[in-house]
Amino acid sequence: MPYIVAEPCIRCRYTDCAEACPVDDCFKLGKNFMVIDPETCIDCGACEPACPVNACLPEDEVPEKWQKYVDLNARLAKDWPGINRNIGPLPEAEEYKDIEEKFEDLSEDPGEDVGDD
Ligand code: SF4
């Protein structure tokens, strides 16, 4: 059962999770969001405590209000570039970290290619 990234990540995108994850390119970077590739996630749980806004959670613990994020992670993971390190949050993270409803702000555009180092 893979982990997924849910709504708190939108417009924050801290990226600490990518550094904590032991699997190469399991995290994928979008313009203002990240997702986990369910095909490669090994369910280790390392990302969960790494996220400052508690956006990473196991698929079987996703609350009803965030169920759409299960399919969203799987779909966007196919198109977005992998990320394996912490590149810091988005500039507006502090402003958006406590906002609960941000789904309409989610961009499906891929993030920048950050390379391996
Ligand atoms: Fe990576 Fe482990 Fe989180 Fe899956 S559960 S995304 S393998 S850190």
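Indexing begins at 1, ligand by ligand and atom by atom, following the structure's order. Keep in mind that what you see is a predicted model, and the values were worked out from it rather than measured.
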Taking atom 2 (Fe) of ligand 1 as the reference point, the nearest protein heavy atom with its distance:
C44 SG, 2.3 Å

Numbered in order shown, the ligand 1 atoms found under 4.0 Å of a heavy atom of V23 are 7 (S)

With a 3.5 Å distance limit and no angle check, can you tell me whether E7 reaches the backbone of F103 through a side-chain donor-acceptor pair?
yes

What heavy-atom pair brings I87 and V114 nearest, and what distance separates the two atoms?
CD1-CG1, 3.8 Å

Hey, is NZ on K102 packed in by over 12 heavy atoms from elsewhere, all under 6.0 Å?
yes

So does C21 have any N/O/S atom less than 2.8 Å away from atom 3 (Fe) of ligand 1?
no

Spell out, as yes or no, whether a donor-acceptor pair under 3.5 Å connects the side chain of R11 to the backbone of E92.
no

Show the atoms of ligand 1 that are less than 4.0 angstrom away from any heavy atom in I36.
6 (S)

Can you give me the closest heavy-atom contact between N86 and Y14, atom names plus distance?
OD1-O, 3.5 Å

Hey, does the side chain of N84 reach the backbone of D25 with a donor-acceptor pair shorter than 3.5 angstrom?
yes

Closer than 4.0 Å to some heavy atom of C47 - which atoms of ligand 1 meet that?
3 (Fe), 5 (S), 6 (S), 8 (S)

Atom 4 (Fe) of ligand 1: nearest protein contact (heavy atom, Å)
C41 SG, 2.3 Å

G45 touching ligand 1 at heavy-atom level, < 4.0 angstrom:
yes

With respect to atom 1 (Fe) of ligand 1, please indicate if C26 possesses an N, O or S atom at a distance under 2.8 Å.
no

shortest atom 7 (S) of ligand 1-to-protein heavy-atom contact is with I42 N, 3.4 Å

Could you check if a side-chain atom of W66 sits within less than 4.5 angstrom of a side-chain atom of P8, using non-hydrogen atoms only?
yes

